[in-house]
Amino acid sequence: GQQVQQSPASLVLQEGENAELQCNFSSTATQLQWFYQRPGGSLVSLLYNPSGTKHTGRLTSTTVTKERRSSLHISSSQITDSGTYFCAMERRGNEKITFGAGTKLTIKP
Amino acid sequence: GGIITQTPKFLIGQEGQKLTLKCQQNFNHDTMYWYRQDSGKGLRLIYYSITENDLQKGDLSEGYDASREKKSSFSLTVTSAQKNEMAVFLCASSRLGGVEQYFGPGTRLTVL
């Protein structure tokens with residue numbers, strides 16, 4: 001079945017540093033989405049990026065479909081960025097979404 | 001805009017009990033999903049439905065039933081609650097063919 005690998009599993013940074021999160025998938029993804037989850041909270045969609053580069057605020061996602069990978073870059077991290085980041089992908093016509101295990105990000109003051 | 005509501009927010013049941021979780025969306029989305037998230041873990045797909053009365057099994061369907069009564073609602077039934085399935089159950093929806101999913105706030109299940 002399709003697999004999604006996220007790295008690193010956890011990341012600890014100082015406030016102001018940049019964060020780089022990676023997502024690799026085992027089959028060609030036609031759809032790719034990044035989510036954020038605060039501890040005890042639900043999932044919030046950050047970026048929907050099946051290919052190319054997309055920006056929103058301090059977030060940049062780059063998906064290279066042929067290489068089966070996507071990255072999420074968070075610039076000038078803030079304490080409120082702490083939480084878990086998930087990527088999720090779907091193969092064409094499948095409708096079945098597969099999530100990675102997440103990257104737990106901790107930003108320290 | 002739209003919203004996904006899940007009821008109840010907290011569900012407490014006895015071991016062996018049959019429990020039902022409900023989800024409603026007003027996005028007019030075709031596809032709806034049920035996921036289970038164990039503490040500190042990722043999401044695992046239980047069931048999904050691409051249209052009214054459709055049902056597709058996910059990776060974790062054993063021990064669960066689901067029902068898509070109408071386009072806007074998707075119910076999940078835990079057929080016999082077990083202590084090892086205490087988790088948060090998340091409902092999501094999306095347009096057909098799109099993975100841009102929107103999530104509900106979740107139902108936290110506790111089994112005594």
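Every chain is numbered from 1, with letters handed out A, B, ... down the list of sequences. Source: prediction; values computed, not measured.
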Could you tell me which non-hydrogen atom of I4(B) sits nearest to which non-hydrogen atom of C23(B), and how far apart they are? CG2-SG, 3.6 Å
Quick one about E20(A) and N18(A) (side-chain donor to acceptor, distance below 3.5 Å, no hydrogens or angles considered), yes or no? no
Between S45(A) and Q33(A): side-chain donor-acceptor atoms closer than 3.5 Å: yes
Given heavy-atom pairs under 4.5 angstrom as the criterion, report whether the side chain, backbone, both or neither of [X] touches chain A.
X: L43(B); answer: both
X: Q37(B); answer: side chain
X: Y35(B); answer: side chain

Side chain, backbone, both or neither of Q37(A) within contact of chain B (heavy atoms, under 4.5 Å): side chain
Are the side chain of S77(A) and the backbone N or O of E17(A) linked by a donor-acceptor pair below 3.5 Å? yes
